[in-house]
Number of protein chains: 2
Amino acid sequence: MPPDRRIQQPSLVRLAAEAIRDMVLSGDLRPGDRLVEERVTSELGISRPPLREALRVLEQEGLLVSLPRRGVIVTTLSPRDVYEIFTLRTTYEKMAIELGVPVRDPQLLGRVRLALGQMEDAAKSQDGAHFVRSSFEFHLSIVGLAGHRRLEDAYRGLSLQLRLYMAANTRARAEHNESLEANIERHRRLLAAVEKGDPEAVLAELANHGARTFLEEVTNQAQGPEAQQQGDDRRATLSDIRDHISR
Amino acid sequence: MPPDRRIQQPSLVRLAAEAIRDMVLSGDLRPGDRLVEERVTSELGISRPPLREALRVLEQEGLLVSLPRRGVIVTTLSPRDVYEIFTLRTTYEKMAIELGVPVRDPQLLGRVRLALGQMEDAAKSQDGAHFVRSSFEFHLSIVGLAGHRRLEDAYRGLSLQLRLYMAANTRARAEHNESLEANIERHRRLLAAVEKGDPEAVLAELANHGARTFLEEVTNQAQGPEAQQQGDDRRATLSDIRDHISR
DNA sequence: GCCTCCGGGATTGTAGACAATCTTCAATTG
DNA sequence: CAATTGAAGATTGTCTACAATCCCGGAGGC
């Protein structure tokens, strides 16, 4: 069976979802910001039906929250949320390493190396946004070694939420950007461990990997039973809307 | 903060999604079946925009696959897919046990006991569908012990796909239904291990848990590198549409 | 006889408009 | 003066209709 090369013009739903996703991840839209449908349609030059479908997609991805009869807002992440994202992400990576290392299909490694190369390029040209994207692609390609589509999809979705958090959080961004060279070096060691085919070594590298230290610190406060909020902490409150007027 | 008692009339999107989800899980719609929008709208008595939004939601849940310009069909699960669902599910359960056992909030146990009670009721009245639902709710409530919303959501989504598979697969259903009493007994032991607060014991119970044996058998053929299909095995082929006329 | 190339019908993709609901804010009342 | 109520504006939820695209069958040519 040849690879599926069918071309297909992307629907407005897909394009709109992509555009809004970029707005959110770039920090153009901040958590809590409300998205008024008519405003967005005029901005994107489309009508409301495809926009609403796109909003549903992004809601399922966890980037937006919809309040019935009240519109959608950009997801607000509590410390507890960050804790959840962090722990789940670690579990995914662990599973991926166990399934995917040592690597069976050498072609999969090409994707990892490519991402690392893009990280190096971005570091050279001091392109912070590109560096972050490449870094996520690197980790995603590591998870891809497992050849487990659902695992990769789930990991990708979680990464989106993590990027949402980083986009809104100056400190998280700074941490990720600081000492690009050291950051890249860690990724090199990770790749080396993967190439050596030693799962334990890879897991060890991941354990003390970059953003980890920072994230652990941030999320420590959210651990434990007492940190669990009473209400639905994913449903943004009304004040979240009031406080943020859509651009 | 008092519990959120806001009433809100469900939108047609939510209702439609629920209705179609039920059709899929009940086996009323079978994998590969095509969903023609206008036909479904007239059946549900709604118009196309809300229906399309509902379809997007179900697509994100993995129950439907959308082929651009060609409509939507019920997801067809390959052995590889079942393998993925099975492995991910195991990982989720393991993570949940590690985080949630011993149980901190006794109230969480009530949910588990309730589900077990419903399983017993269903067994008594020989209500197979109810038994399956209760069984899934039991496992979901076990995962809920972790107090990890994203984990529970992910697990719920995966369970939907597993139920899709079981709805279409006579053998899987039979396995699940056979010896209801023994099945319930396994769940009782699981609950007992949870109540004892011993994570290892719970994991051991899960390891040789019911459907496991069957699923492992089914999915063994899908493991290993050679089982990975070349193309996109989640994208149904054109013939899938031709072969199935919408009810 | 098989392949290619059209139309016709069916279906999806999108637009614009109406109805229902919510929020806001000012007027009223205690 | 604080609390409540009601009306106007804004926004979401839904519907009908039109445009674009695809599938399928038949006619024509090699």
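Residue numbering restarts at 1 for every chain, and letters A, B, ... go by the order of the sequence lines. Just the heavy atoms: all of them, side chains too, but no hydrogens, waters or symmetry mates, feed the values below.
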Atom-pair distance (CG on B/Leu67; P on C/dT12), nearest Å
11 Å

Let me know the distance between CG of B/Leu12 and C1' of C/dT21, rounded to the nearest Å.
14 Å

Quick one: A/Glu38 CD to C/dC18 P, roughly how many Å, whole number?
14 Å

A/Glu37 has an atom CD; how far is it from atom C1' of D/dT14, in whole Å?
11 Å

Which atom names give the shortest non-hydrogen contact between B/Thr76 and B/Asp81, and what distance separates them?
O-OD2, 3.7 Å

Selection from C/dA15, C/dC22, C/dT11 that lies nearest to any side-chain heavy atom of A/Pro49
C/dA15

Rounded to the nearest 0.5 Å, what separation is found between the CD atom of A/Glu18 and the CG atom of A/Leu58?
10.5 Å

Nearest listed nucleotide, side chain of B/Ser11, among C/dA15, C/dG13, D/dT14:
D/dT14

Check if the side chain of B/Arg48 and the base of C/dG13 share a donor-acceptor pair of N or O atoms closer than 3.5 Å.
yes

Distance check needed: C/dA10 P versus B/Leu35 CG, whole Å only.
19 Å

The side chain of B/Pro50 lies closest to which of these nucleotides: C/dC22, C/dT14, D/dT14?
D/dT14

Rounded to the nearest Å, what distance is computed from the CZ atom of residue B/Arg34 to the P atom of nucleotide C/dT11?
7 Å

Check whether any side-chain nitrogen or oxygen of B/Arg52 sits under 4.0 Å from OP1 or OP2 of C/dG13, and answer yes or no.
yes

Determine, stepwise, if the pair A/Arg56 / A/Glu59 fulfils salt bridge (Lys or Arg N to Asp or Glu O under 4.0 Å).
CA-CA 5 Å; A/Arg56 292 282 177 190; A/Glu59 185 188 348; 3.8 Å; yes

In whole angstrom, what separates A/Leu51's CG from D/dG13's C1'?
13 Å

Given D/dG13, D/dT11, C/dT11, the nucleotide with the shortest approach to the side chain of A/Arg39
D/dT11

Does any part of the side chain of B/Tyr165, heavy atoms only, come nearer than 4.5 Å to the side chain of B/Ile85, both counted from C-beta?
no

Within the 4.5 Å heavy-atom criterion, are A/Glu84 and A/Gln161 side-chain neighbours or not?
no

A/Arg69 has an atom CZ; how far is it from atom P of D/dG9, in whole Å?
21 Å

